[in-house]
Participant: 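First the structure, which I've put down as structure tokens, then a few questions once you've had a look.
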Amino acid sequence: MRSQMMPTYSPPENMEVSHGEGIYLYTADGQKYIDCVSGIAVNCFGHANPELVKVLKKQAERLWHVSNMFRVPEAEKLAQTLVDHSFGDHVFFANSGGEAVEAAVKAARRYHHCKGHPERKRIVAFESCFHGRTTMTVAVTGNKAQMEGFFNGDLDCDHVPFEDMDALKAVVSKEKTAAIILEPVQGEGGVRPFTNEFIKAVRELCDETGTLLIF
Ligand SMILES: Cc1ncc(COP(=O)(O)O)c(C=O)c1O
């Protein structure tokens with residue numbers, strides 16, 4: 001009985017997950033499963049991980065939320081750790097993948113706007129990609145079934161076939177393109193990795209054309 005839920009997904013009718021532990025999921029009627037989905041990679045540290053439960057509980061007992069109008073030392077510390085261990089200089093914490101992609105697309109368009117090229121708005125993505133379900137990210141994803149009923153006209157997005165460098169070069173331009181976005185391993189596209197050579201060639205094309213690259 002799910003009539004109270006918006007019908008956006010249709011999970012198996014007769015399976016109710018009651019709790020999880022490590023790699024296992026347990027259903028209300030006592031079945032035990034290995035969780036090969038892991039919340040689509042969200043639970044990669046396992047269910048009810050005691051270490052995580054401990055720190056989450058400690059934080060929840062101390063400070064719940066202050067909004068981004070105040071400094072949060074732990075958030076700054078985590079951001080610094082991410083900066084120290086990656087190529088990035090700044091971190092934006094988001095609540096979901098869709099929100100992260102939206103932020104990246106906005107940052108890319110704003111970057112060109114501030115550089116005096118407000119016309120560079122177009123986002124180039126690869127066919128069979130998946131970048132989220134918000135209004136902007138369905139446009140970036142470009143899957144017709146997920147876009148039906150939402151838009152009129154051009155959405156400032158282009159889509160090219162997987163690993164097709166000629167098609168990519170034909171569409172990327174210094175005049176119009178803000179960014180190329182790609183999942184190094186496509187998920188919805190069938191767990192398809194891009195080759196290192198292709199990703200390096202995309203990086204070079206971005207450098208040549210002043211286009212930003214979003215992973
Ligand atoms: C590559 C990729 N980008 C974006 C998203 C959207 O993430 P969320 O469902 O957290 O908004 C997903 C979700 O599976 C994803 O796999």
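Both ligands and their constituent atoms are indexed starting at 1 by order of listing.
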Participant: For atom 5 (C) of ligand 1, what's the nearest protein heavy-atom neighbour? Residue, atom name and distance, please.
Facilitator: Phe130 CE2, 3.8 Å
Participant: Would a line drawn from the ring center of Phe126 to the ring center of Phe198 be shorter than 6.0 Å?
Facilitator: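 Ring centroids of Phe126 and Phe198 are less than 6.0 Å from each other.
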Participant: Show which atoms of ligand 1 fall inside a sub-4.0 Å distance from at least one heavy-atom site of Glu183.
Facilitator: 1 (C)
Participant: Please list every donor-acceptor pair under 3.5 Å in which a side-chain atom of residues 94-106 meets a protein atom from a residue at least two apart or in another chain.
Facilitator:
| from | atom 1 | to | atom 2 | distance (Å) |
| --- | --- | --- | --- | --- |
| Asn95 | ND2 | Glu99 | OE1 | 3.0 |
| Ser96 | OG | Glu99 | N | 3.1 |
| Glu99 | OE1 | Asn95 | N | 3.1 |
| Glu102 | OE2 | Thr134 | OG1 | 2.5 |
| Glu102 | OE2 | Met136 | N | 3.4 |

Participant: Which of the numbered atoms in ligand 1 are under 4.0 angstrom from any heavy atom belonging to Gly98?
Facilitator: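 Ligand 1 atoms under the 4.0 Å threshold to Gly98: 6 (C), 7 (O), 8 (P), 11 (O).
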Participant: Any carboxylate oxygen within less than 4.0 angstrom of a Lys/Arg side-chain nitrogen, looking at Glu61 and Lys57?
Facilitator: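 So Glu61 pairs with Lys57 through a salt bridge.
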Participant: With the side chain counted from C-beta on, respond yes when Asp35 and Tyr24 share a heavy-atom pair under 4.5 Å apart, and no when they do not.
Facilitator: no
Participant: Do any nitrogen or oxygen atoms of Gly97 lie less than 3.5 angstrom from nitrogen or oxygen atoms of ligand 1?
Facilitator: yes
Participant: Would you verify that at least one protein heavy atom lies under 4.0 Å from atom 7 (O) of ligand 1, or report that none does?
Facilitator: yes
Participant: Can we say Arg122 and Asp154 salt-bridge, meaning some charged N sits less than 4.0 Å from an Asp/Glu carboxylate O?
Facilitator: yes
Participant: Enumerate the atoms of ligand 1 whose separation from the nearest heavy atom of Ser96 is less than 4.0 angstrom.
Facilitator: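 Listed by number with element: 10 (O), 11 (O).
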